[in-house]
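Inspection log for the structure reproduced underneath, given as structure tokens.
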Amino acid sequence: MTDAQTDEDHPWTQSVDDILTYHDVSTDDGLSGGEVEHRRDQYGRNELRKTDRKPWWKILVEQFTGFIIILLGIAAIGALAIGETIEGISVVAVLVINGLVGFVTEMRARNSMESLQEMTQIETRVRRDGEDQEIPAEELVPGDVVILEAGDIVPADLRVIEPSRLQADESALTGESVPVGKTSEPLDADVPLAERSNMLYKGTYVTRGSVEAVVVSTGMDTELGKISQSLQEAAEEKTPLQEKLDSLGHKLVPFLLVVATIVLIAGWIRGQDLLLMVEEAIALAIATVPEGLPIVATLVLARGMWRMAERNALISDLASVETLGSTNIIATDKTGTLTENEMTVSRFELASGSVEVTGTGLDTEGSFRRGDPDVDGTDSPESDATLQLDEPQNHPLREALEVGVLCNNASVTGTDEGVETTGDPMEAALLIAGLKAGIDRESLLDSLPEAREVSFDPSVKMMATYHAKGDPSVATYHEEDGHYRVAVKGAPESVVESATRKVTDEGVADLSPEETDEWIAKADRMAADGLRVLALARKTVTDTEDDPYGDLELIGLVGMIDPPREEIKSTIQGCKDAGMRVVMVTGDHAGTAKNIARSVGIVDSDDAEVVEGSELDDPESLSDAEKERFEDASIFARVNPENKLDLIDLHQRAGSIVAMTGDGVNDSPALQKADIGVAMGKRGTQVAQEAADMILSDDNFESIYHAVREGRIIFGNIRKFVLYLMSCNLSELTTILLATLLAFPLPLLPLQILFLNVVTDIFPAFALGACEGGEDIMQRPPRDPDEPIMTRTNWTELGLYGLFISVSVVGAFAIAGGIYAGGLGSEAAVTVSFLTLAFAQLWHVFNMRELTSGILRNEVTENRYVWGALALSTLILIGATYLPGISLALSTAPIGLEGWAVVLGMSLLPLLGGQIERELRRHFGTPKLGTKLHALIFD
Ligand code: ATP
């Protein structure tokens, strides 16, 4: 950079030339690659410091600071102090393994989350080495020239260089919710931030127009950076599910206290080793409080987010993954989500009749023929003669095409493979229609240079451009010098209502109220054929500030085809089967909306009701009957962004969980209000993407379906591993309790309990997190959002499993006591009960199948991770019995063939019991089975 000519801290005081000189950059070329590197070294990356990022060592330390872990540590020291060296070292080893597993899991979850977040990062357009390119916003450096347009997020603090009708929403920074206009004029040094009209600030966004601007500060040097510095460590937010899991982990504690007390007292009465009893109680405590549940859940959620990303749905936060599984209403827009968004002009309706246009897609070859589908209902052209546009009677058609080409922001460029379009596909279709008639936008603009554009405004549903007089040889129609021709296009009802005259073959004539109605009816008929309809009009003004929309001269209507997406019908059926309603919420005409809704299967009959957005305009005054009607309706047409907000509110009040799509700047409040805001990756603005919970990278409705499916699978998997881990833990408690009640010696030693929890049962639990979901996962209704992770049925099951396992283990212990000469309590007998419990827990993983899945083929048996986990845990258990070092620490002994036979036989019993329980419940239904059992026992 050159020496500062003016105050570096006040870029708004500098002129455009000075600021460019100061940053040593030209707007034509931008910075060079080498200079960018140099400046990045000097200023760092354009990112706000992640203040809440925990360092790895802190995560590691946290694994060892839990209350119970400390207790166990003290026990280990105690054991070492009284000379129980092996015992002490083993406890320490278990502690270390436990801590490391927790650490690795948490680090993996964190890394996974961070790289997911990177996928949703915003890209920005920058000019470097003379070329415009898209780069991640973090890579900007001071001096970079960026190009922004409406809907873009401002990626750093910028000084405006060349604005074009620029407005920005700065509410995030200034609290002012009305967008502010921007210029490039220098200002005084003491102008407050909210009034610096030549600056754009990071974190705000462009609502209108476009701009070239130069980066003046990045990262923590931006105004936003200065604010976030003062916010400091933001607390890490937990999702509702993680919070539920946190508390769930502690639900078994009261039971633990009872068992521990009984065990301690019984041991004391019988004069057993008190230290052993205390250790046993601590080991049980460790077993009962599964500290790792929330973090394993995070890992499962993050894995689900990855899988969704692979299927084109990027999710911005963990909580949304849960919400997806409960979604019961999907409110979707039409264009591009349900349809291809590849439009072709197929028909004009003029005062003199209809004109059919041939040629589809991006093909610029095509012809215009007279036809009157309105008369006989068929689309067959009246005459095969191709219309010659230079003949005077065809001037209205030529003018209609010209208005479509002039009042346009798209572009069509020729490439080797044909043509390429940019901008709104509807406008591109109008350009292509023009090309079919030999009308090219560039040459037309030479003849009629654009003097002003009034951008499309969704509330009036029209757009206009003003054109001065240029080269008279090109256009059909010119105003005199000092006059401007205004080209208007928009929704038929808006344009036709604003028209007082019409353009005919013979010239301009008045438009009677009856004719107005006829034109509206024509538009309705075109829409009912599924065409997207626009009306085209013109007028003459003497000043560019004159009103564009009053007193229009109507030229005609243009109809475009936008075919439904392939596969969309079956996806919508899939949503219905999954208990979700698909509601179309479109800005388009009611007729078009209905036709498309019918062809994609959102509604089944032609009498389906269409609600117009205007009916929602006053939500406070809706009667209950109206509310009900709107809740039941599946098609909403001519909807504006505020209507979307009210519609979401209506459904949410009725208890629904709503996913809503949106792509414009104005859609962001609705995207935020929806339970799942869905923005389009290709079509959507950056602001909509930032407000959304989910971004569809392919803009395709089908991706929402897959994301919901994934959401359901994830919740099911979390429930599986929670139920699995809790039943394993409970079974340890019940085993000890049962043995104590029977006045047996301890069937499991403290270290064995720790070993089971830390080494063996975590592998199957992790594996359960990767199940695919039952076959009927999308045939069930959505989960009730208030439904707890562990339902009442799950709690009952938990009790049953605890009972099954403890009876088997204590049974095995008793049998083993008989087999081995040492009787109950001998090392071999304890080894048998230890192994029976371990294997019973392993087989128990198969009890986690969905009620509706098959016994042999189900999502658990088909999960290869489950088999891998079982193989690994089995190996570890065999090692624990036969490897001298470990068996010494765990006090295990070889058990011989008959011992293994007992282990195998008894450990399979809980699996058998669990499967019988599932089958009974499947046949009789859960509540009925409950009543039957109740009757059996008590009547
Ligand atoms: P969807 O919700 O399915 O995307 P949409 O694109 O029709 O529907 P909006 O963008 O709100 O919804 O547009 C509403 C109406 O305004 C359109 O049906 C069309 O008649 C008119 N319109 C849309 N874009 C333009 C434009 N660029 N110029 C003029 N009129 C437009």
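Counting convention: from 1, in listed order, for ligands and their atoms alike.
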Problem set entry | Selected option - heavy-atom contact closest to atom 17 (C) of ligand 1, from R638, H589, M426 | R638

For this session: Would you check whether G587 has a nitrogen or oxygen atom less than 3.5 angstrom from a nitrogen or oxygen atom of ligand 1?
Result: yes

Exercise. Would you say T335 has any N or O atom under 3.5 Å from an N or O of ligand 1, going by distance alone?
Worked result: yes

Problem set entry | Sub-3.5 Å N/O-N/O distance, T586 and ligand 1 | yes

Problem set entry | Residue D333 vicinity, atoms of ligand 1 by number, heavy atom under 4.0 Å | 2 (O)

Exercise. Is the closest heavy atom of M584 to ligand 1 under 4.0 Å?
Worked result: no

Exercise. For ligand 1, which atoms, with element, lie under 4.0 Å from some heavy atom of L534?
Worked result: 19 (C), 20 (O), 30 (N)

For this session: Let me know which of D607, D606, D604 forms a salt bridge (charged side-chain N to carboxylate O under 4.0 Å, His left out) with R598.
Result: D606

Seminar exercise, completed: Residues at least two apart in sequence or cross-chain that pass salt bridge (charged side-chain N to carboxylate O under 4.0 Å, His left out) with E420, listed by chain then number, are none

Exercise. Short N/O distance, under 3.5 Å, between R683 and ligand 1?
Worked result: no

Exercise. In this structure, which one of D562, D588, I596 forms a side chain to side chain contact (heavy atoms under 4.5 Å, CB included) with R532?
Worked result: D588

For this session: For F348, check side chain to side chain contact (heavy atoms under 4.5 Å, CB included) against everything at least two apart and list the hits.
Result: V345, L350, V355, V357, F368, L397, A400, L401, L536, V558

Exercise. What heavy-atom pair brings S599 and P564 nearest, and what distance separates the two atoms?
Worked result: OG-CG, 3.7 Å

For this session: Please write down residue, atom name and distance for the protein heavy atom closest to atom 27 (N) of ligand 1.
Result: E427 OE2, 3.1 Å

Exercise. Do D524 and H589 have a side chain donor and acceptor closer than 3.5 Å?
Worked result: yes

Exercise. Under the criterion salt bridge (charged side-chain N to carboxylate O under 4.0 Å, His left out), which of R538, R441, R485 is the partner of E402?
Worked result: R485

Problem set entry | Which residue and heavy atom of the protein sit nearest atom 29 (C) of ligand 1, plus the separation | K489 O, 3.4 Å

For this session: Apply salt bridge (Lys or Arg N to Asp or Glu O under 4.0 Å) to the pair D529 and R347, showing each step before the final yes or no.
Result: CA-CA 11 Å; D529 287 345; R347 194 193 302 174; 3.3 Å; yes

For this session: Among all protein heavy atoms, pick the one closest to atom 6 (O) of ligand 1 and tell me residue, atom and distance.
Result: R532 NH2, 3.0 Å

Problem set entry | For atom 16 (O) of ligand 1, the protein heavy atom that lies nearest, with its residue and separation | F456 CZ, 3.3 Å

